[in-house]
Chemist: 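So that we are looking at the same thing, I have put the structure below in C-alpha cells.
The chains referred to below are lettered A, B, ... by the order of the sequence lines, with proteins before strands, and numbering in each begins at 1.
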Protein chains: 2
Amino acid sequence: MVTISDVARCAGVSPVTVSRVVNRSGYVSEKTRQKVEKAIKELGYIPSAMARGLRLNRTYTFALILPDITNPFWTTVARGVEDAAQQREYSILLYNVDEDMHKQERALETVLSQQVDGVLIAPHDGLVSHLQPLRMRSVPTVIVDRRLNEVVPDWPVDIVRGDSISGAKALTTHLISLGHRKIAMVSGDERTTTAQDRVMGYRIALQEAGISCDENLIVYGEFRVSAGVEMTNHLMERGINFSAIFAGNNAIGMGVVRELIRRGIRIPEEIALVFYDDYANASEYFPFFTVVTQNAYQIGRTAAELLISRATGEHSEPREFILPSRLVTRYSCGSMLDDHHQSLLSLPIVNPKDLKEVVWEVPLLLPYPA
Amino acid sequence: MVTISDVARCAGVSPVTVSRVVNRSGYVSEKTRQKVEKAIKELGYIPSAMARGLRLNRTYTFALILPDITNPFWTTVARGVEDAAQQREYSILLYNVDEDMHKQERALETVLSQQVDGVLIAPHDGLVSHLQPLRMRSVPTVIVDRRLNEVVPDWPVDIVRGDSISGAKALTTHLISLGHRKIAMVSGDERTTTAQDRVMGYRIALQEAGISCDENLIVYGEFRVSAGVEMTNHLMERGINFSAIFAGNNAIGMGVVRELIRRGIRIPEEIALVFYDDYANASEYFPFFTVVTQNAYQIGRTAAELLISRATGEHSEPREFILPSRLVTRYSCGSMLDDHHQSLLSLPIVNPKDLKEVVWEVPLLLPYPA
DNA sequence: CCACTGTCTGGAATCGTTACCACAATCTGA
DNA sequence: TCAGATTGTGGTAACGATTCCAGACAGTGG
C-alpha cells in the first residue's frame, strides 16, 4: 500500500508537506507542489480515509437505515439520499433492517463503531429509547418518513416526512364520497408511527363524515405483502362486512390484491381498494390503483441535505419538514369509469382460472459461440 | 468518546487486557474478564472500527457499485447482497453510478480510499482498464450481472451473472415462433456486456431460424426509460417496418410502452413486445408482459458470498457463476389469448384519451389533533 | 529444589494521517 | 539597516486499536 511517507520519500519532502498538498492547506511553494503531485501520480497514491478519519474524527460517511430496499418507496428515498450525498462527497452505508427491532439495534451498534458522521433512519417505532445509542453519543440524526412519539428537548434531531394523517384522511374521504360506509383498514405494525398516523387519518375522516368507527375493521400487521395477504384473509374469515379496503402502504396493498384475486373477488366491483404510496412504474402503463403518493425522492434528498447541514454545524436546532402528498384517483374504486370501462378495468383482468403464465427454464448456451 | 483506555482505567487494567476481552484472544482470568465487561457496559464502550481497521487492515465493509438502485432488478440484487453480508457481519457501502463512467471512476477512487475488504460491481463496460485501480491494489472483486471482455490471467476476479445470450435467444425464438419476422431490438449501451450479449442472442435466434438480420432494426441506447422512449421514437420516425420489439431490459421496455401508448399503438395487436427482466410486483396483479427473468436475489447473494470467501482467503482462483434464467410467456405477444382475451388484454387498456388520472394536492393537516 | 510449562498481565511499537509548534528564509516598510 | 510580517518546511505527538515481546506467578515433574 502506498502511504503518505512513500510519496514524501519519492518527492524528497516530509509527509507533512504531502499532506498540505493533498488538502490544499498551509503554505507550499509552487515547485514542491509540483514535485509532490508528480510523485502522487507516479505512485498512484490514494489517501487512507481510515487514517484520516481516525485523526480528524470525520468519515464523510452517513448510514442509511431502512426497512426494506426492495420496496420502491424506500428505493426512491435511497436514491434521493444517494444523489444528495454524492454531490457533497459523502458515502452511504446501507442497512436493511426489515422492521425488525433486533436488526435495527445491531445496525445502530455497527454504525456507531463505524463512526459515521450522521445517521438517516426510518425507525421501526417512535420510541426514543430505541435510538438511545445515537442520542448518547450525540450522532447527528435525521428521521426519515416517520416521527418520534416523544419530544426530546435535549436531543436535536431533524425529521423529514409526509403528512400521513392528511393523506389517509383524503383517501378515506374519497371512499366515503363514493358511498362506502364500511371501510376496512389494514395497516402496518401498530408501533410504527406511519401506521398510527394513517389509522388516525382514517378515523378523522370517518368522524367528520359522522360515521361511527367499527374497531373490528381496523387491523394492524406489518408493512409487507405477506401481511397484506394475511390481514385480508383474517377479515374475510371472520366474516366481517365491508365494501372497501384501505391498505396502509403499497406492499400491504399488493398483498390485499393477491388475496382478493385468489378468492376471485373483483376490484372494484365487489371491493374497492386504495393504498398509501404508489408503484410508480407499474402505474404508468396500468394506472389502476387509487393511491396517495409522496415525493419519496424529495424526502430522501431533503433528509440528506439536512443531515449534511447538521453534520457540518450549519444548523443545530431541530427541524421538521413535512412534505405534501397527493391523492391520485384512478380505477380501483370504480369512480372513474363509465359503463364500458367499468367492466373492462377491474382486477382480476380476466377470470383467474383462465389467467395463465407459462414458465420455461432457459437452458444455458455454453460455451459461447464466437 | 469512550475509548479502550477509558475502559481500562475504569476496570483498573491495561488497554491490552481490554482488547483481549473484547476479541476473546489470549489469556484473561475470569475475574478480570468480569471487571472489564462491567466497565464496558457501564461506559457504553463501542470499539472504533476505524482504529481497528487501521491497525488490522480490514474493515469488514464491502462496496456495492450499481447502475441504478431505482430499478427493481438492481434493488433485488442489492437485497441479496445485503442479506448475505449482514449474516457474516459485513457492512455495505452503496454507490449509484447511473451507467456513467465518470461517476464509476469517482466511486472506485472513494472506495479505494475507504479500504474496503472487497468490491461488488456491475461495471459499465467490459474493459478491464476501467477497473485498473482495483486490479493495481488487488482488491477482492466480484463482477455482478455482467462480464469482462478480456481474460486477465494475473487478476483473479469472480463473476456472477445470468446467461443473457440464451435468455435473449429464447425470447427472440418465442417471437419468431409466433410468426414475427421483423423484430426490432432496442438495447442498452453498446459498451455494456449485457447489451452486447442480448443482441448476440437475438442474432443467434434469427440465424437459426434462417432469417436475415436487418441491422436497421438494432438500436443501442441506454438502460433507461427515457432511452426506451427515444429509441422507439427513432424507429418509428424512420419509418422502419417491424411487428415486434425486444427491449434490452425492463426500464427500456417501460419506455417502449410509454411511447407506444402515446402513439396509440396497441400491444400486442399492432406490435408485440418482450423484454429482459421482469417487474415483479407489477406482474403479479397485471401479468401482461412476456419476459425473461433472472433470479436477481440469488445473483446478489451468490456474489456477496463469493466475495466473502475471496476476502477471507477461502478461495483465490477466479470463479464464474452463470445462473439460469426463465422465459415467462404472458400476454404482450398475443400468444396466450383466445378471442375473448385477445381484445381484453392489450395495452393501452382503454382508449388513451379516455384514460384519466386525477391528481389532488392534499393539504397538510397541521397542527395535529390530539 | 530447580527447571519447565502454562496462565495472566502490561509496555512499547505500529497502522496512516494531520494539528501544533518551531524554525529558517525571504520580504516589507520606516 | 533592522524589526516584524509573510512564506515555506519539517519534527513530534496524537487519534484508538492490536501485536509482539517480556516478565511475573503458580503449578508440575524429576
Chemist: Does any residue of residues 25-41 of chain A have a heavy atom under 4.0 Å from DNA chain C, and if so, which ones, in number order?
Modeler: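 Nucleic-acid contacts, sorted: none.
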Chemist: Taking side-chain contact (heavy atoms from CB on, under 4.5 Å) as the test, write out the residues that go with S113(A), two or more places apart.
Modeler: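 I46(B), A49(B).
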Chemist: Return each pair, listed once, that meets ring pair (Phe, Tyr, Trp, His ring centres under 6.0 Å) where at least one residue sits in residues 76-132 of chain B; pairs must be two or more places apart or across chains.
Modeler: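 Listed by first then second residue: Y60(B)-Y90(B), F62(B)-Y90(B).
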Chemist: Tell me, which of residues 4-16 of chain A have any heavy atom that sits under 4.0 Å from an atom in DNA chain C?
Modeler: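 I4(A), V16(A) - these, ordered by number, are the residues of the stretch whose heavy atoms sit under 4.0 Å from the strand.
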Chemist: side-chain contact (heavy atoms from CB on, under 4.5 Å) with S129(B): which residues, sequence neighbours excluded?
Modeler: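 So S129(B) forms a side-chain contact (heavy atoms from CB on, under 4.5 Å) with L127(B).
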Chemist: Scan for side chain to side chain donor-acceptor pair (under 3.5 Å) pairs involving residues 304-313 of chain B, sequence neighbours excluded, and state none if there are none.
Modeler: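 Every pair satisfying side chain to side chain donor-acceptor pair (under 3.5 Å) with a residue in residues 304-313 of chain B: D158(B)-R310(B), R301(B)-E305(B), S309(B)-H315(B), T312(B)-E314(B).
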Chemist: Just grab all the side chain to side chain donor-acceptor pair (under 3.5 Å) pairs involving residues 63-77 of chain A, residues at least two apart or on different chains.
Modeler: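 Sorted result for residues 63-77 of chain A: D68(A)-R79(B), N71(A)-N250(A), T75(A)-T75(B).
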Chemist: First contact, last contact: which nucleotides of DNA chain D are these for chain B, 5' to 3', heavy-atom distance under 4.0 Å?
Modeler: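 So the outermost contacting nucleotides come out as dG16(D) to dT19(D).
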Chemist: Does the pair E222(A)/R191(A) count as a salt bridge with the N-to-O cut at 4.0 Å?
Modeler: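 Looking at E222(A) and R191(A), the cut-off is not met.
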Chemist: Are any of the side-chain nitrogens in E99(B) or R224(B) under 4.0 Å away from the carboxylate oxygens of its partner?
Modeler: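 No salt bridge links E99(B) with R224(B).
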Chemist: Over all heavy atoms of both residues, which pair between N96(A) and P67(A) is shortest? Give the atoms and the distance, please.
Modeler: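 So the minimum-distance heavy-atom pair works out to ND2-O, 3.9 Å.
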Chemist: Please, which pairs that meet salt bridge (charged side-chain N to carboxylate O under 4.0 Å, His left out) have at least one residue in residues 111-126 of chain A, sequence neighbours excluded?
Modeler: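 Applying salt bridge (charged side-chain N to carboxylate O under 4.0 Å, His left out) to every pair that reaches into residues 111-126 of chain A, excluding sequence neighbours, yields R58(A)-D117(A).
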Chemist: Over its full length, what angle do the end axes of the helix from dC1(C)-dG30(D) to dA30(C)-dT1(D) make, each axis taken from five pairs and the result rounded to 10 degrees?
Modeler: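 Taking five pairs per end, the axes differ by 50°.
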Chemist: Test for a donor-acceptor pair under 3.5 Å between the base of dG16(C) and the side chain of R55(B), counting only N and O atoms.
Modeler: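 No, the side chain and the base share no sub-3.5 Å donor-acceptor pair.
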Chemist: Using nucleotides 24-27 of chain C, report all nitrogen or oxygen pairs with the protein that are shorter than 3.5 Å.
Modeler:
none

Chemist: Filter on side chain to side chain donor-acceptor pair (under 3.5 Å), then keep only pairs touching residues 32-46 of chain A, sequence neighbours left out; what's left?
Modeler: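 Applying side chain to side chain donor-acceptor pair (under 3.5 Å) to every pair that reaches into residues 32-46 of chain A, excluding sequence neighbours, yields S29(A)-T32(A), E30(A)-Q34(A).
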